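Everything on this sheet refers to the single structure shown next.
What you see is a predicted model, and the numbers here were worked out from it, not measured in a lab. These numbers come from the heavy atoms of this one structure, side chains and all, not from hydrogens, waters or symmetry mates.
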Amino acid sequence: MSHGRRLSPRAVCLSRDLFHFVSELSCTLENAEFPAYCFMMDYTVSMFLNTLTPKFYVALTGTSSLISGLILIFEWWYFRKYGTSFIEQVSVSHLRPLLGGVDNNSSNNSNSSNGDSDSNRQSVSECKVWRNPLNLFRGAEYNRYTWVTGREPLTYYDMNLSAQDHQTFFTCDSDHLRPADAIMQKAWRERNPQARISAAHEALEINECATAYILLAEEEATTIAEAEKLFKQALKAGDGCYRRSQQLQHHGSQYEAQHRRDTNVLVYIKRRLAMCARRLGRTREAVKMMRDLMKEFPLLSMFNIHENLLEALLELQAYADVQAVLAKYDDISLPKSATICYTAALLKARAVSDKFSPEAASRRGLSTAEMNAVEAIHRAVEFNPHVPKYLLEMKSLILPPEHILKRGDSEAIAYAFFHLAHWKRVEGALNLLHCTWEGTFRMIPYPLEKGHLFYPYPICTETADRELLPSFHEVSVYPKKELPFFILFTAGLCSFTAMLALLTHQFPELMGVFAKAFLSTLFAPLNFVMEKVESILPSSLWHQLTRI
């Protein structure tokens, strides 16, 4: 040992203390009582804490921060790819069945697999704005709202789109050859409403102009009855122009364009007359007019007259006829709409909603009819997730705009404005919608670019809706998928341990004191409980337990 290194005084003292500790511990385990054993354990813990160096705390906090950071990164990657937390998925799929739980995710997994195949469908134009099939009358409805409330229900962007539609539908290149049509061509481009109305009256002084009557019916008439009278006059003039142009349509491109314009004018007038009849309570007459119009012009689908027909048939409670219309237009090759999807959901919900009970369904499971209804609701909600809040009156309605964005808030308002009464009429339908609609967002893959039953939800919808809807309306946005609890917990844990690692590296001595104080405080309740148990139970019993 002459070549060995001499021990420092502290090491000699520590060795002596360890020797005494081992001797006392062996005696305690053989014949000492439990209080002495507890004292020795406390002494061991305190001596262990006193011998730890600051480097140990730095290494401990740094390692824990690294591990929690790696877990956070993996959790976030798994959530971005699969839409759920890995820890939550493992606990639900593997631990819960072991503990006696029921795994209800099989149907969701099958739906997700179907969604992967459907997500590769062709994408459509994301932010195409459509003419609202159920738009109101400016003079008889929108202006009356402004007179009562002082608010403008239509935005400049929306009215500008309508002006472009009017120029497309009601004008052609040969209008300059007829004085009345030339005046109306300028009127449709006029921004001032009074100037447009004056121009329409000026055109009528020259000739019986169908488009002039249309403008007056839309903007000057203050009641639906007045608008209907003007549209009837427009129908008389428009039908004559249509018949004349029909005979000359094959005589050149100029006559072809004129005939196309006269056809648009005639269809628009008949459709608005049917809507006037619907507003005035003559629903059966409105249904007949719409059916005749669809038969006469089967290829002219730009006005979406079938959506007007569906709403009128629902008012008559002719659900068999509604199903027949849906069978024709709810086709995979045709563009969907909220009216199509939610009407299909309403019909399926109608079959089970009167007897549906969430408590009974949770006990016995869903029947086949109930499952079909729930799937139809999920399909509708995925297409337009903004509708349920309006149907459930969780959000106040406003007047629908003249243009809508499919799958957007504007379409939801336009649908709910006319169809809320139909949902209320079916007993239990709103209750079924309330219990099931939020489950849609757990089924849709994340991120939303994947889609499920439809093409991916457009990311530009919110911006376009803010242009279409008035400023006093709070635009509904797509419900964001919330981060799972374990990701938030892991993020907090990672941040906390990283902060501890940084503080320990900068102030090792101080953090060591804090760590000792924290551990002492942590073990204090245990020591308190042991003291209470020691005072209650006899020492001989503790002696026998320690020997065991």
Side-chain angles (χ1 to χ4, degrees), residues 131-154 159 162 165-166 169-170 184 187-188 193-205 207-242 264-294 296 303-305 307-316 397-402 414 417-422:
R131 182 81 179 178
N132 182 10
L134 298 171
N135 66 308
L136 306 180
F137 296 84
R138 282 196 188 179
E141 292 171 314
Y142 288 119
N143 286 348
R144 291 178 64 184
Y145 177 84
T146 304
W147 297 337
V148 173
T149 64
R151 292 178 170 180
E152 290 289 344
L154 299 177
M159 292 188 290
S162 297
D165 292 340
H166 295 154
F169 295 153
F170 303 147
M184 289 307 301
W188 294 121
Q194 291 301 323
R196 289 196 299 270
I197 293 174
S198 300
H201 283 292
E202 182 182 352
L204 288 175
E205 292 176 359
N207 191 10
E208 290 290 312
C209 182
T211 54
Y213 282 121
I214 290 177
L215 192 148
L216 295 178
E218 291 285 354
E219 300 193 27
E220 188 181 41
T222 56
T223 63
I224 300 297
E226 293 179 11
E228 186 181 34
K229 292 180 181 179
L230 290 170
F231 274 120
K232 287 181 178 180
Q233 292 178 283
L235 178 62
K236 183 179 179 181
D239 188 61
C241 293
Y242 172 75
N264 292 337
V265 170
L266 184 63
V267 172
Y268 185 90
I269 293 172
K270 289 186 175 182
R271 173 176 163 271
R272 292 305 256 177
L273 277 173
M275 295 178 69
C276 288
R278 170 69 182 91
R279 297 282 205 287
L280 296 174
R282 307 195 306 270
T283 309
R284 294 189 182 277
E285 178 184 346
V287 169
K288 184 180 182 304
M289 295 173 66
M290 294 174 190
R291 289 188 183 277
D292 293 341
L293 185 58
M294 294 170 65
E296 186 177 0
F303 295 106
N304 292 325
I305 305 172
E307 297 195 9
N308 300 91
L309 178 61
L310 284 173
E311 195 278 327
L313 290 173
L314 286 172
E315 178 65 22
L316 295 176
L397 276 170
I398 62 172
L399 294 185
E402 293 183 338
F417 188 86
F418 290 98
H419 288 261
L420 176 59
H422 307 321

### Inter-residue atom distance Asp239.CG - Ile269.CD1, 0.5 Å rounding
9.0 Å
#### Entry: Pairing residues for Ala203 by the side chain to side chain contact (heavy atoms under 4.5 Å, CB included) criterion, not counting sequence neighbours
Ala180, Ile183, Met184, Ala212
### Message
A side-chain contact here means heavy atoms from C-beta on lying under 4.5 Å apart; do Asn132 and Asn304 qualify?
### Response
no
### Query
Just wondering, do Glu307 and Glu311 contact through their side chains at under 4.5 Å, heavy atoms?
no
### Message
Between Leu134 and Phe417, is there a side-chain heavy-atom distance shorter than 4.5 Å?
### Response
no
### Message
Could you go through Leu310 and His422, starting from their C-alpha distance and side-chain angles, then the distance that decides it, and tell me whether this counts as side-chain contact (heavy atoms from CB on, under 4.5 Å)?
### Response
CA-CA 11 Å; Leu310 284 173; His422 307 321; over 6 Å; no
### Task
Identify the two heavy atoms, one from Ala187 and one from Ala199, that lie closest to each other, and give their separation to 0.1 Å.
CB-CB, 3.6 Å
### Thr223 side chain to Arg144 side chain, donor-acceptor N/O pair below 3.5 angstrom
no
### Query
So how far is it from Ile214 CD1 to Phe169 CZ, rounded to the nearest 0.5 Å?
11.5 Å
### side chain to side chain contact (heavy atoms under 4.5 Å, CB included) involving Met159 - partner list, sequence neighbours excluded
Arg138, Leu154
## Note on the structure
When rounded to the nearest 0.5 Å, the distance separating NZ of Lys229 from SG of Cys276 is 12.0 Å
### Query
Do Glu141 and Ile224 come within less than 4.5 Å of each other through their side chains, counting heavy atoms only?
yes
### Task
Report the residues that fulfil side chain to side chain contact (heavy atoms under 4.5 Å, CB included) with Ser198, sequence neighbours left out, ordered by chain and then residue number.
none
### Task
Working to the nearest 0.5 Å, report the span between CG of Leu136 and CD of Glu402.
8.5 Å
### Message
For Arg271, give me all partners under salt bridge (Lys or Arg N to Asp or Glu O under 4.0 Å), at least two apart in sequence or on another chain.
### Response
none
### Intermediate values then yes/no, side-chain contact (heavy atoms from CB on, under 4.5 Å), Trp188 and Leu215
CA-CA 9 Å; Trp188 294 121; Leu215 192 148; 3.5 Å; yes
### Summary
One should read off an interatomic distance between Leu273 CG and Lys270 NZ, to the nearest 0.5 angstrom, of 9.5 Å
### Task
May I ask you to check whether Glu315 and Thr283 show a side-chain donor-acceptor distance below 3.5 Å?
no
### Query
What closest approach, in Å, do Ala286 and Ala274 show between heavy atoms, and which atom pair accounts for it?
CB-O, 3.3 Å
### Summary
Tightest non-hydrogen contact, residues Phe418 and Pro400, listed as CE1-CG, 4.3 Å
### Task
Show the numbers, then the answer: is there a side-chain contact (heavy atoms from CB on, under 4.5 Å) between Arg278 and Asn308?
CA-CA 9 Å; Arg278 170 69 182 91; Asn308 300 91; over 6 Å; no
### Message
Less than 6.0 angstrom from the centroid, inside 45 degrees of the normal: does Arg279 satisfy that with respect to the ring of Phe137?
### Response
no
### Query
Are any of the side-chain heavy atoms of Val265 and Cys241 separated by less than 4.5 Å?
no
#### Entry: Any side-chain heavy-atom pair of Thr222 and Asn143 under 4.5 Å
no
### Message
So, using salt bridge (Lys or Arg N to Asp or Glu O under 4.0 Å) as the criterion, who are the partners of Lys288 when residues are at least two apart?
### Response
Asp292
### Message
Is it the case that the side chains of Tyr213 and Glu208 hold a donor-acceptor pair, with the cut-off being a distance below 3.5 Å and no angle test?
### Response
yes
#### Entry: Val267 and Ile305: CA distance, side-chain angles, deciding distance, side-chain contact (heavy atoms from CB on, under 4.5 Å) verdict
CA-CA 10 Å; Val267 172; Ile305 305 172; 4.2 Å; yes
### Message
According to ring-ring contact (aromatic ring centres under 6.0 Å, His included), who are the partners of Tyr268, at least two apart in sequence or on a separate chain?
### Response
Phe170
### Query
Which heavy atom in Leu399 sits nearest to a heavy atom in Pro153, and how many Å separate them?
CD1-CB, 4.1 Å
### Query
How many angstroms lie between CD in Glu285 and CE in Met290, if you round to the nearest 0.5 Å?
10.5 Å
### Heavy-atom check, side chain of Glu218 versus side chain of Leu230, under 4.5 Å
no
#### Entry: Gln194 vs Glu220 side-chain heavy atoms within contact, under 4.5 Å
no
